[in-house]
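In what follows, a single structure is set out as structure tokens and then discussed.
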Amino acid sequence: MGEDTGKPGPKKSDSHTSYRLTDLQDLRSRALLVVNIDSKHHSGKAHGDGQTKCSAADLNEFVKQVDQIMEILSVAAVLLNTGHPEYKAFWVKLSSAHEIEEKARTMAQNITQWKAILEAMQKKYFFLNYFHPDQLWILSGFFARMPAFAEEETSKKSVVHDLLRFIEPSLPVDALDKLSCLYQNPKRKTLEGDLSAIGEALDTFFLPLAEQPFYKVPQRRLQGAVQPGELFVAVLEQGSTQTVHVVMSLFELTTGIHPVPNQVLFCHQDTSWEEIQRLLRRSFEAHRHPKGPTLHCLANVESLPNDMQFDLVAGIKDFQSVSNDPYLLSLVCRGGPHHHIVDQFASGARNVTGMTEVKLRAKFEETLPNVSVITSELPGMGKTETIFGEAIQKEKAVVTFPISGPLSRSNLVHRLASMQMRECDCLHLDIGEVDNPLALDTFLFELVVMGMVSSGTQIYHLPTKHVYIEIANTLNDWLQDSLPVAKCFTSIHVKFESYKHYVVSQESSSPIQVVCNYLHAHEFGTLESKELIFSGPNKVKPLPGDRCKTLLRKHFSAGEISYNIVENFLGVFADQLLKFSASPFLKPSNLKAMLGQSHDVRTR
């Protein structure tokens, strides 16, 4: 039995017939319809003709078997998504109704046992709560084979290093060798044994690194600070753009430092319950950690699916009921004061304003001096060239990462991970129009400020501190205004500045040289008497860049001008001038012969 292969069916081969999953679901619906109609008319007759006749009991049995098959596939999908190592690939052959029923029962037991094992291990080993089980198997497999580590497996080492930096962002890659020495292969190859082995290694390695924090949790009630043992619910209006400002304010007032990736989860439609559960465990069980209670935040909880919102409320209440130890947890809800999550935790609900834009800008300038946002009044002002010029001055290579169109978090993370950026590079984020600018703004905060983004089990750490965010020009600057956090970075507003930054080509036949040579000849009164040649041994010498800029300022500076407009104008004008020059009727010698010494044909 396997999932839908997408192949057309039914397809007969010997005595076997294959059906796609959608075909089985369709047949189930038909069978159920027939049974229901018969039950209404109290008819017990068989359906079909010849050898294909089947009774209502047969149809009911068929419906039951299809339901069980669907349940088996559903449970297999859950086991896969929750990281059970034996369900990476799932295929089973079942030959009878009894085998189908037995398999459904066995798999129901498997998922119950797996969840119990996972929960028990996560309670026992604190640092298992930082990883999805699939990531734990990556760690386990890597350290189990560490002695036989080969140079060609550097990519695997990099993946493992990225995973461990989720616990400690400053962890050096050399620490993997020390951690591998602490890993002891389990005596028995069981799920509990494997999880215990990696849990023991992580606890032994990371617990000594955990020093007491230099900040102190506020002992007095500061307005806007999270108090130990009290859930803090920051309430924002629907559609608010202040989530990041509130998160920064909560950490500033409570801890005095910026959040790190494992402390904040920005929720969205694709957020899994397992991610939320792991963060809740890290928060409520942090008292067992040498650092003591650490502030954790679940932001944009209103974005979660409704069933997950109810699970979140129930999950927090369960932790609160069994834990008397201090914890530091905050929720940010953009659902307004009447949202049901706010109602459930009304005693902890607070209307907060968040960190002001002025203070956020000052914070970014202090902590992220090499992150800039590049804007301009008009397109074609040279934003990209400005970025490349700045990178050259800093002796950095530029890696351009365009973002536009429909926004997909998983796609962005995958593309970032495939770039293989180095610490010596600078990142150029070229942002065009997107369908969800606020989600992009949050993504940029995670990537640039917290230094890490993730999607599912894939994690990406930004290796460089030099980032340029180029925001495309849009009508009434709506894109720039829709990125409230991004525009708080150091601003570089590119202006035309009367050709100050214009790069003049020194190629004689380039449009700029063609146009400026004609303007130069016109100003010196030699246009009617001297022929200008732009190719061959007698071609004109290129004019200096400053002279070209002076001519352009004098003859082409009216209205709103950008470099795109200048380039288009010069290209068209130069083409026309070259065509006129090629005409024998407009050559100076022929015009002199026809019209005499005094004329102004070429000037006009």
Side-chain angles (χ1 to χ4, degrees), residues 169-170 213-218 220-226 232 234 236-237 240-261 263-264 266 294-297 299-300 328 330 332 334 350-377 383 386-387 390-391 393-394 396 426-429 431 437-453 461-462 464-471 477 479-495:
S170 60
F214 65 84
Y215 64 84
K216 293 183 179 180
V217 175
R220 56 193 177 89
R221 287 187 172 273
L222 294 175
Q223 185 178 5
V226 182
F232 189 105
L236 297 174
E237 293 300 324
S240 173
T241 60
Q242 295 295 300
T243 299
V244 169
H245 299 73
V246 169
V247 170
M248 289 291 288
S249 177
L250 290 173
F251 277 86
E252 173 77 11
L253 293 172
T254 307
T255 67
I257 58 175
H258 283 183
V260 295
Q263 292 178 306
V264 182
F266 290 95
T294 307
L295 178 59
H296 290 80
C297 179
N300 298 339
L328 289 170
S330 61
V332 181
R334 297 178 302 173
R350 303 286 186 276
N351 290 311
V352 293
T353 54
M355 189 175 287
T356 64
E357 184 175 316
V358 173
K359 190 171 182 180
L360 190 61
R361 191 183 300 276
K363 276 281 179 188
F364 287 165
E365 287 179 358
E366 176 189 351
T367 58
L368 300 164
N370 295 310
V371 178
S372 303
V373 58
I374 320 295
T375 57
S376 66
E377 290 293 336
K383 294 190 290 291
T386 300
I387 292 170
E390 291 255 340
Q393 290 179 6
K394 296 177 181 178
K396 299 281 184 182
C426 69
L427 177 61
H428 169 209
L429 294 167
I431 299 176
L438 194 57
L440 174 60
D441 195 50
T442 303
F443 183 86
L444 293 178
F445 173 78
E446 293 180 72
L447 176 66
V448 178
V449 180
M450 296 203 295
M452 191 207 87
V453 287
H461 293 269
L462 185 64
T464 180
K465 298 295 183 183
H466 293 79
V467 181
Y468 295 96
I469 304 172
E470 178 184 342
I471 302 178
D477 292 329
L479 179 58
Q480 183 179 340
D481 293 338
S482 300
L483 302 171
V485 176
K487 68 180 184 182
C488 288
F489 295 114
T490 302
S491 177
I492 300 177
H493 190 68
V494 180
K495 298 180 180 179

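Computed from a predicted structure; not experimentally measured.
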Exercise for review: Just do the side chain to side chain contact (heavy atoms under 4.5 Å, CB included) check on V449 and F489 with the steps written out, would you?
Suggested key: CA-CA 10 Å; V449 180; F489 295 114; 3.9 Å; yes
Check your understanding: So, for K383 and I471, which heavy atoms are closest and what is the spacing to 0.1 Å?
Key -> CE-O, 3.6 Å
Check your understanding: Are any non-hydrogen side-chain atoms of L427 and L447 less than 4.5 angstrom apart?
Key -> yes
Check your understanding: Which heavy atom in T367 sits nearest to a heavy atom in H258, and how many Å separate them?
Key -> OG1-CE1, 3.5 Å
Practice item. Indicate yes or no for a side-chain donor-acceptor contact from N300 to the backbone of R334 under 3.5 Å, with no hydrogens or angles considered. Key: no
Exercise for review: Report the C-alpha distance between T442 and T243 in whole Å, list the side-chain angles of each, state the deciding distance to 0.1 Å, and finish with yes or no for side chain to side chain contact (heavy atoms under 4.5 Å, CB included).
Suggested key: CA-CA 8 Å; T442 303; T243 299; 5.8 Å; no
Point to revise | N/O donor-acceptor pair under 3.5 Å between H296 side chain and T294 backbone | key: yes
**Study point:** Any L462 side-chain heavy atom under 4.5 Å of V467 side chain
**Key:** yes
**Study point:** Side-chain touch S372/E390, heavy atoms, less than 4.5 angstrom
**Key:** no
Study note, to complete from the structure: Here the gap from I374 atom CD1 to I492 atom CD1, rounded to the nearest 0.5 Å, amounts to 3.5 Å
Review point. Ignoring hydrogens and geometry, is there a side-chain-to-backbone donor-acceptor pair from T254 to V226 under 3.5 Å?
Key: yes
Review point. Taking atom OG1 of T356 and atom NZ of K363, what is their separation to the nearest 0.5 Å?
Key: 11.5 Å
Check your understanding: Salt bridge check: are R361 and E365 linked by an N-O gap of less than 4.0 Å?
Key -> no
Exercise for review: Check step by step if side chain to side chain contact (heavy atoms under 4.5 Å, CB included) holds for V448 and F364.
Suggested key: CA-CA 10 Å; V448 178; F364 287 165; over 6 Å; no
Practice item. May I have the step-by-step check of side chain to side chain contact (heavy atoms under 4.5 Å, CB included) for E357 and K487, ending in yes or no? Key: CA-CA 9 Å; E357 184 175 316; K487 68 180 184 182; 4.1 Å; yes
Check your understanding: Under a 4.5 Å cut-off applied to non-hydrogen side-chain atoms, are K396 and Y468 in contact?
Key -> no
Review point. Which value, rounded to the nearest 0.5 Å, describes the distance between H428 atom NE2 and I387 atom CD1?
Key: 3.5 Å
Review point. Side chains of E446 and P261: closer than 4.5 Å at any heavy-atom pair?
Key: no
**Study point:** Taking every non-hydrogen atom, the tightest pair across A234 and V246
**Key:** CB-CG1, 3.8 Å
Check your understanding: In this structure, which one of V264, V247, V352 forms a side chain to side chain contact (heavy atoms under 4.5 Å, CB included) with V332?
Key -> V247
Review point. What's the shortest heavy-atom distance between N370 and K394, and which atoms?
Key: OD1-NZ, 3.9 Å
Review point. Which atom names give the shortest non-hydrogen contact between L483 and P437, and what distance separates them?
Key: CD2-O, 3.2 Å
Check your understanding: Looking only at atom types and distance, does a side-chain atom of D441 sit under 3.5 Å from a main-chain N or O of V485, one as donor and one as acceptor?
Key -> yes
Exercise for review: To the nearest 0.5 angstrom, please state how far the CD1 atom of I431 sits from the CG atom of L440.
Suggested key: 5.0 Å
**Study point:** Reported CG-to-CD distance for the pair L429 and E470, which is rounded to 0.5 angstrom
**Key:** 10.0 Å
Check your understanding: Any side-chain heavy atom of E377 sitting closer than 4.5 Å to one from H493?
Key -> yes
Study note, to complete from the structure: In this structure, CG of L295 is separated from CD1 of I257 (nearest 0.5 Å) by 9.5 Å
Review point. So do the side chains of F445 and M450 get within less than 4.5 Å of each other, counting heavy atoms only?
Key: yes
